Amino acid sequence: MKRLSLCFIIVVIALTTSYVADAFTRNDFPDDFLFGAASSAYQWEGAVDEDGRTPSVWDTFAHSHNTISGDGDITSDGYHKYKEDVKLMAKMGLESFRFSISWSRLIPNGRGLINPKGLLFYKNLIKELKSHGIEPQVTLYHYDHPQSLEDEYGGWLNRKIIEDFTAFADVCFREFGEDVKLWTTINEATIFALGSYCQGISPPGRCSPNEFVNCSAGNSSTEPYIVGHNILLAHASASRLYQLKYKNKQRGSIGISIYAFGFSPYTNSKDDEIATQRAKTFFFGWLLKPLVFGDYPDEMKKTVGSRLPVFTKEESEQVKGSSEFVGVIHYTTFYVTNRPSPTFFPMIEGFFEDMGVYMIAAGNSSFFVWEATPWGLEGILEYIKDNYNNPPIYILENGKPMNSNSTLQDTERIDYIEGYIGAVLNAIKNGSDTKGYFVWSMIDMYELLSGYTTNFGLYHVNFSDPGKLSLISLLLKPLVFGDYPDEMKKTVGSRLPVFTKEESEQVKGSSEFVGVIHYTTFYVTNRPSPTFFPMIEGFFEDMGVYMIAAGNSSFFVWEATPWGLEGILEYIKDNYNNPPIYILENGKPMNSNSTLQDTERIDYIEGYIGAVLNAIKNGSDTKGYFVWSMIDMYELLSGYTTNFGLYHVNFSDPGRKRTPKLSAAWYTGFLNGTINVASQDIIQLESNSSSSSSL
């Protein structure tokens with residue numbers, strides 16, 4: 001069966017859409033419309049304590065608040081695998097990638113000195129995206145201010161953060177702005193203020209005492225409004241800086257994003273219509289009205305009273321018009337009623353009690369399972385168009401959560417995304433100035449509320465498979481970065497020796513090149529399987545994966561898998577600062593009774609040399625290739641029963657006579673450039689050597 005390209009599959013899916021009456025394709029959208037996918041630093045990067053990064057409030061929250069499933073310490077390992085991920089994006093045809101910058105990786109203390117390794121990572125990521133024709137879309141803040149600022153003055157509860165955030169933004173604009181044309185200051189500002197300071201379900205996890213969440217501190221009736229106010233002022237400050245200092249030269253745009261539920265009356269009663277409008281006022285108007293008109297909605301000011309901060313005239317002027325676009329984050333829709341009903345969000349003290357409406361999930365949606373309701377997003381875009389001067393809009397997140405144990409055949413996700421893209425197209429046709437759509441997420445990652453129990457990714461990540469990480473990192477990570485991998489330290493515990501600071505400094509950078517010894521490749525799985533290396537106590541049990549030999553390889557017979565070596569060289573290049581590499585051993589074991597016409601060995605060596613050349617062309621600093629072995633010798637595991645030599649040694653002859661094999665003639669010709677490695681040259685070599693082919 002012929003393989004279908006991803007592009008072809010997408011077109012077919014588009015033509016079978018069930019949401020809109022008419023079929024649609026990418027060509028139905030404006031040329032400058034962006035289709036992308038999204039991520040965030042803590043959820044994608046991992047490497048939380050590498051290269052100078054310090055803890056953020058999300059690190060602290062994940063480790064101390066009994067979150068559902070795990071943390072982002074390693075997650076998808078985007079910090080090391082970003083080039084691999086960008087290749088997946090390019091293969092997909094992705095037009096833009098949204099990611100956030102970790103404040104504590106770039107400026108570890110929250111203010112002051114820039115971390116050069118953090119700076120280099122983001123420069124390299126942006127360069128990689130641009131080189132593949134992918135537009136970077138950068139979010140400055142995604143739930144992760146440095147823990148040091150939280151400890152010092154309370155983070156977003158204190159106006160001091162406005163100055164620190166603006167200084168952080170200044171560094172980002174200066175260092176990355178030549179290549180970044182779309183900046184989002186704060187991610188889903190509404191739900192961040194509510195989830196983090198009213199409900200206590202996201203970092204830093206503050207709320208009033210309630211029966212649902214055990215928060216150690218907080219005030220749900222005041223803190224969300226204080227944080228929302230400081231967010232608006234910090235956004236306006238960063239936006240003003242960009243407009244005055246960078247926009248004329250860099251010609252980018254800056255905006256803010258809100259979390260937007262779809263809202264629809266539960267019944268056709270007048271009361272439910274009023275309740276729905278009230279929900280829109282609180283969820284949309286709370287931040288959008290100041291951004292567009294300079295002040296909070298009258299209904300909120302009347303209801304919240306003195307708990308809602310007040311803008312000075314100067315602040316109002318700075319906030320008004322400070323967002324060149326609105327980022328919309330949308331996943332699901334609620335019916336709204338004025339009548340007491342089982343409600344999705346408990347009527348706890350603060351925002352939800354102030355809003356005073358009951359929200360009923362549409363369809364069969366629950367906290368972690370969201371039914372597709374594309375009409376809800378279409379309604380949001382229509383509402384913003386009609387009520388907030390039709391600003392440019394980017395849908396910065398939209399996607400379908402599915403159980404992490406679900407199949408790769410995620411047809412429900414296809415239906416979901418397809419329906420929402422259709423809704424966006426409908427809104428555009430009706431006059432909405434919507435400029436882009438970003439799927440959440442590009443790959444499976446650590447999720448804010450569900451950890452690793454659900455996923456949103458277009459690409460599956462096997463979080464149970466350390467793969468190359470455990471084996472290669474054990475050789476290399478101390479030599480390059482000065483310590484063992486976090487995953488190994490966590491798994492092996494006290495059995496893994498600890499470097500002193502002095503030892504770490506001595507080991508780090510002590511190898512001027514890396515010697516690679518490679519013979520074969522394994523497939524790796526998390527499922528119990530017949531494994532090449534028994535799961536015995538120690539390293540293999542700690543690693544906890546099952547290794548299945550590629551092809552027909554066995555303990556003493558190795559099938560050629562040159563792509564495996566090419567992958568190793570690519571991995572070391574991308575994850576260990578591209579050190580000089582020498583392939584110090586590579587060769588084909590054959591039975592000692594075999595013929596001198598060792599064409600299998602020639603095929604093996606030829607394939608691997610080709611793999612090395614491919615890696616060099618892709619940027620690997622590989623400096624040499626050494627065949628194992630020059631002559632037949634005593635072998636570590638097989639003694640004299642197998643051999644690797646280019647020259648045969650007669651071990652039953654006291655004189656140990658050497659005889660060239662066909663592979664010796666081939667390698668000679670390859671090295672002096674007198675032969676081509678095509679099959680006809682090997683045939684010629686065979687005929688030339690036929691008179692001495694017997695052992």
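Counting from 1, the numbers follow the sequence of the chain as shown. Quick caveat, the model's predicted, so the values are computed rather than measured.
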Can T373 and Y420 be counted as having a side-chain donor-acceptor contact under 3.5 angstrom? yes
Going by side-chain hydrogen bond (donor to acceptor under 3.5 Å, both in side chains), name the residues that satisfy it together with Y82, two or more places apart in sequence or in a different chain. none
Do T520 and F522 come close enough that some side-chain heavy atom pair is under 4.5 Å? yes
Are the side chain of D444 and the backbone N or O of G457 linked by a donor-acceptor pair below 3.5 Å? yes
State, yes or no, whether a side-chain contact exists between M442 and Y459 at a heavy-atom distance under 4.5 Å. yes
Do S100 and T139 have side-chain N/O donor and acceptor atoms under 3.5 Å apart? no
Measure the shortest side-chain to side-chain distance between F481 and L476 over non-hydrogen atoms and say whether it is less than 4.5 angstrom. no
Could you walk me through whether K81 and E45 pass the salt bridge (charged side-chain N to carboxylate O under 4.0 Å, His left out) test, one step at a time? CA-CA 9 Å; K81 291 180 172 290; E45 289 177 10; over 6 Å; no
Residue of the set F438, W44, F35 for which ring-ring contact (aromatic ring centres under 6.0 Å, His included) holds with F97: W44
When you look at D483 and K489, which way does the salt bridge (charged side-chain N to carboxylate O under 4.0 Å, His left out) test go after all the steps? CA-CA 9 Å; D483 200 4; K489 290 194 289 185; 2.8 Å; yes
Are any of the side-chain heavy atoms of P485 and K477 separated by less than 4.5 Å? yes
Of all heavy-atom pairs linking A169 and L140, the shortest is CB-CD1, 3.8 Å
Any side-chain donor paired with an acceptor under 3.5 Å for H460 and D410? no
Quick one: list whatever passes ring-ring contact (aromatic ring centres under 6.0 Å, His included) with F173, sequence neighbours left out. W183, Y242, Y246
With R53, the salt bridge (charged side-chain N to carboxylate O under 4.0 Å, His left out) member among D59, D144, D486: D59
Closest non-hydrogen atoms of P136 and L129, given as atom of the first, atom of the second and distance, are CB-CD1, 4.1 Å
For a quick check under 3.5 Å, do E50 and H80 share a side-chain donor-acceptor pair by atom type? yes
Worked verdict on E570 versus K573 for salt bridge (charged side-chain N to carboxylate O under 4.0 Å, His left out): CA-CA 5 Å; E570 182 79 7; K573 170 176 70 76; 3.5 Å; yes
Apply side-chain hydrogen bond (donor to acceptor under 3.5 Å, both in side chains) to E447 and Y452, showing your working. CA-CA 6 Å; E447 289 298 330; Y452 298 104; over 6 Å; no
Between E324 (side chain only) and I254 (backbone N and O only), is there a donor and an acceptor less than 3.5 Å apart? yes
Could you check whether Y79 and D51, counting side-chain N and O atoms only, form a donor-acceptor pair closer than 3.5 Å? yes
Side-chain heavy-atom pair S39, R98 within 4.5 angstrom cut-off: no
So, S104 side chain and T54 main chain: donor-acceptor pair closer than 3.5 Å or not? yes
Close aromatic pair by centroid cut-off 6.0 Å: Y42 and Y143: no
Nearest atoms (heavy-atom pairs only) where R105 meets G46: NH2-O, 3.0 Å
Looking at T25, is its backbone amide N or carbonyl O close enough to the side chain of D28 to form a donor-acceptor pair, meaning the two atoms are under 3.5 Å apart? yes
Got L458 and I443 here, is their nearest side-chain heavy-atom distance under 4.5 Å? no
Is I583 close to L565 at the side-chain level, that is, under 4.5 Å between some pair of heavy atoms? yes
Identified side chain to side chain contact (heavy atoms under 4.5 Å, CB included) counterpart of Q43 within the set F99, F456, W440: W440
For I393, the option from D433, T434, I428 that meets side chain to side chain contact (heavy atoms under 4.5 Å, CB included): T434
Side chains of S257 and E188, donor plus acceptor under 3.5 Å: no
Does CD belonging to E178 count more than 12 external heavy atoms closer than 6.0 Å? yes
Smallest heavy-atom separation, L569 atom then A615 atom, equals CD1-CB, 3.6 Å
Salt bridge check: are K123 and E175 linked by an N-O gap of less than 4.0 Å? yes
If you take all heavy atoms of M89 and I134, which pair is closest and at what distance? CB-CD1, 3.6 Å
Ignoring hydrogens and angles, tell me if any N or O in the side chain of Y416 forms a donor-acceptor pair with the backbone of Y331 under 3.5 Å. yes
A quick test of your reading: do over 12 heavy atoms of other residues, nucleotides or ligands sit less than 6.0 Å from NZ of K130? yes
Check this for me: does any side-chain nitrogen of one of E95 and R26 sit under 4.0 Å from a carboxylate oxygen of the other? yes
Hey, are S202 and S196 close enough side-chain-wise for a donor-acceptor pair under 3.5 Å? yes
Between A260 and V328, what is the shortest heavy-atom contact and its length? CB-CG1, 4.0 Å
Going through the distances and angles, do F168 and Y141 end up as a ring pair (Phe, Tyr, Trp, His ring centres under 6.0 Å)? CA-CA 10 Å; F168 165 58; Y141 182 79; 8.4 Å; no
Charged N-O contact under 4.0 Å between K87 and E128: no
Is it the case that Y437 and N398 place a side-chain donor and acceptor less than 3.5 Å from each other? yes
Is a side-chain N or O of T454 found less than 3.5 angstrom from the main chain of M402, in a donor-acceptor match? no
Looking at T491 and E487, would you say the former's side chain and the latter's main chain have a donor-acceptor pair under 3.5 Å? yes
